[in-house]
Amino acid sequence: MPVAQTPTGHRPDTAGTVSVPTSTIGASTTRPSPIAVDLGSGQLRIRLGSHELVGDRSVRRYPVVRRGRIIDGAGCAAALAQLLRQHHVGVPARPLVVVCRPLLATAADQDMTRRVLDAVFAPARLLFIDTVRAAAIGAGAGAGTLLVADVGAQLTEVAILRDSQVIAGRRANLGTCDLAHGATVEMLADTLTRLVRELTRGPGAVPSAATALARGMVIVGDGATRPDLRDRLAATMGTSVHRAAGPRTAALTGASLAAAAAARHPAAD
């Protein structure tokens, strides 16, 4: 299950003040409405019921998320609120929110995320789920031991999962957006290969990592859409590379499934 976090219950200055349409839930409702959020460096994504909202942040001069970290709390909250208004989507009262977080996120990173989402959604419960875990769930990668890589716009993450639980992972501040600023596909592939080797070889190798590697690597994120990157990875790692279905939205799909499951759980009532 995602890691539960208690909402702050206030609107800190770091998150800014936003106004979002709010719908009323009847007294007979006993379960909170599930909402999934993916705060990517390239795009902000929200899934609320049948609504999937995507905001392109990559063309803005002053991004609100950089390398998987919120750098502008007020701007991020305002952008999420604007996204809801643009699509005329109201926020249910006291929803259950599941948000993707990068591997190795710090306590300060999580606190900033919690403040932003508290400002926008005022959730009854806020849960974090590792992005690679959400992506594996969203991709339907299945049970057992898996090697999953998320190659995003500005961040690359790789993890060993066992039965949908992250055992160990690595991350690097490099992504597909860097290909427009001097990085090459070879550099990106070599960086990811190095991260995989840290998990699968040597004295620090993760137990069962060899099993995961033998099954091949599941790749999600924007990098999964690049055949040249997948081919280079297969060549350097000596294993198969499987592109997930819907790679750009796999994490949001997984977070949405986790949110729906958590909303059905008695603890969410």
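The shown structure was predicted, so the numbers you read here are calculated from the model rather than taken from an experiment.
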Self-check item: Rounded distance [0.5 Å steps], CG in L53 versus CG in L80
Solution: 9.5 Å
Quiz item: With no hydrogens and no angle check, is any side-chain donor or acceptor of S256 less than 3.5 Å from a backbone partner on L252?
Solution: no
Quiz item: Does T156 use its side chain to pair, donor to acceptor, with the backbone of L192 at less than 3.5 Å?
Solution: no
Quiz item: Which is it for D190 and T236 under the side chain to side chain contact (heavy atoms under 4.5 Å, CB included) test, yes or no, and what are the steps along the way?
Solution: CA-CA 7 Å; D190 291 349; T236 57; 4.0 Å; yes
Self-check item: Sidechain-backbone polar pair: T145 side chain, A212 backbone, donor-acceptor under 3.5 Å
Solution: no
Quiz prompt | L233 versus A189, closest heavy-atom pair with distance | solution = CD2-O, 3.6 Å
Exercise. Of all the heavy-atom pairs spanning M187 and G182, show the shortest one and how long it is.
Key: SD-O, 4.2 Å
Quiz item: Roughly how far, to the nearest 0.5 Å, is CZ of R170 from CZ of R194?
Solution: 10.0 Å
Quiz item: Is the shortest heavy-atom distance from the side chain of F121 to the side chain of V37 under 4.5 Å?
Solution: yes
Self-check item: Pairwise side-chain contact, T131 with L103, heavy-atom cut-off 4.5 Å (strictly under)
Solution: no
Practice problem: Could you state whether V64 and I46 fall into the same hydrophobic cluster, counting links through intermediate Ile, Leu, Val, Met, Phe, Trp or Tyr residues with side-chain heavy atoms under 4.5 angstrom apart? | Solution: yes
Exercise. Would you check if the side chain of R133 reaches a backbone N or O of S164 as a donor-acceptor pair within less than 3.5 Å?
Key: yes
Quiz item: Can you find a pair of side-chain heavy atoms, one from V218 and one from L147, that are under 4.5 Å apart?
Solution: no
Quiz item: If you round to the nearest 0.5 Å, how far is CG of L117 from CG of L126?
Solution: 5.5 Å
Self-check item: Residues Q165 and R162: side-chain donor-acceptor under 3.5 angstrom
Solution: no
Quiz item: More than 12 foreign heavy atoms under 6.0 Å from CZ of R69: is that the case here?
Solution: no
Self-check item: Any side-chain heavy-atom pair of Q86 and L83 under 4.5 Å
Solution: yes
Quiz prompt | Nearest non-hydrogen partners of G223 and L229, listed with the distance | solution = O-CD2, 3.6 Å
Quiz item: Has the side chain of S33 got a donor or acceptor atom that lies under 3.5 Å from a matching backbone atom of P95?
Solution: no
Quiz item: Of all heavy-atom pairs between G68 and L155, which one has the smallest distance, and what is that distance?
Solution: CA-CD2, 4.1 Å
Quiz item: Looking at side-chain heavy atoms only, is the closest gap between I35 and L96 below 4.5 Å?
Solution: no
Quiz prompt | Single hit among T113, D118, D111 for side chain to side chain donor-acceptor pair (under 3.5 Å) with R115 | solution = D111
Quiz item: Between V132 and A159, what is the shortest heavy-atom contact and its length?
Solution: CG2-CB, 3.7 Å
Quiz item: Cluster question for you: counting only ILVMFWY and a side-chain heavy-atom cut-off of under 4.5 Å, with indirect links fine, are I167 and V220 together?
Solution: no
Quiz item: With distance as the sole test, does Q154 use its side chain to make a donor-acceptor pair with the main-chain N or O of R66 at under 3.5 Å?
Solution: no
Quiz item: Going by heavy atoms in the side chains, are V158 and V148 under 4.5 Å from each other?
Solution: no
Quiz item: Does V241 reach the side chain of R243, with side-chain heavy atoms less than 4.5 Å apart?
Solution: no
Self-check item: Which atom of A134 lies closest to which atom of C100, heavy atoms considered
Solution: CB-SG, 4.1 Å
Quiz prompt | Carboxylate-amine/guanidinium proximity below 4.0 Å for E157 and R171 | solution = no
Quiz item: When you look at L39 and I70, which way does the side chain to side chain contact (heavy atoms under 4.5 Å, CB included) test go after all the steps?
Solution: CA-CA 8 Å; L39 304 176; I70 297 175; 3.7 Å; yes
Quiz item: Taking NZ, NE, NH1 and NH2 as the nitrogens, is one of them in D38 or R47 under 4.0 Å from a carboxylate oxygen of the other?
Solution: no
Quiz item: Side chain of S208, backbone of T211: donor and acceptor closer than 3.5 Å?
Solution: no
Quiz item: Looking at D178 and R67, does any basic side-chain N land under 4.0 Å from a carboxylate oxygen?
Solution: yes
Exercise. Measure the CZ-CD distance between R45 and E52 for me, rounded to the nearest 0.5 Å.
Key: 7.0 Å
Exercise. Using the rule that two of Ile, Leu, Val, Met, Phe, Trp, Tyr join whenever any of their side-chain heavy atoms come within less than 4.5 Å, decide whether L199 and V166 are in one cluster.
Key: no
Quiz prompt | Distance (rounded to the nearest 0.5 Å) between H88 NE2 and L84 CG | solution = 11.5 Å
Exercise. Indicate whether any N or O donor in one side chain lies under 3.5 Å from an N or O acceptor in the other, for D222 and T176.
Key: yes
Quiz item: Going through the checks in order, is the side chain to side chain contact (heavy atoms under 4.5 Å, CB included) test met by R248 and T225?
Solution: CA-CA 8 Å; R248 289 193 176 101; T225 66; 3.5 Å; yes
Quiz item: Going from CD on E198 to OG1 on T193, what distance comes out if it is rounded to the nearest 0.5 angstrom?
Solution: 11.5 Å
Quiz item: Are L104 and I71 connected in the hydrophobic side-chain network, where two residues link if heavy atoms are under 4.5 Å apart?
Solution: no
Quiz item: Under the 3.5 angstrom rule, does the side chain of D72 hit a backbone N or O of G75 as a donor-acceptor pair?
Solution: yes
Quiz prompt | Same apolar cluster (I L V M F W Y, side chains within < 4.5 Å links), M237/V206 | solution = yes
Quiz item: Are the side chain of T200 and the backbone N or O of A210 linked by a donor-acceptor pair below 3.5 Å?
Solution: no
Quiz prompt | Non-hydrogen side-chain atoms of R232 and E186 separated by less than 4.5 Å | solution = yes
Self-check item: Flag, side chain of T106 to backbone of D109, donor-acceptor distance under 3.5 Å
Solution: yes
Quiz item: Do we see a donor-acceptor contact under 3.5 Å between the side chains of S240 and R215?
Solution: no
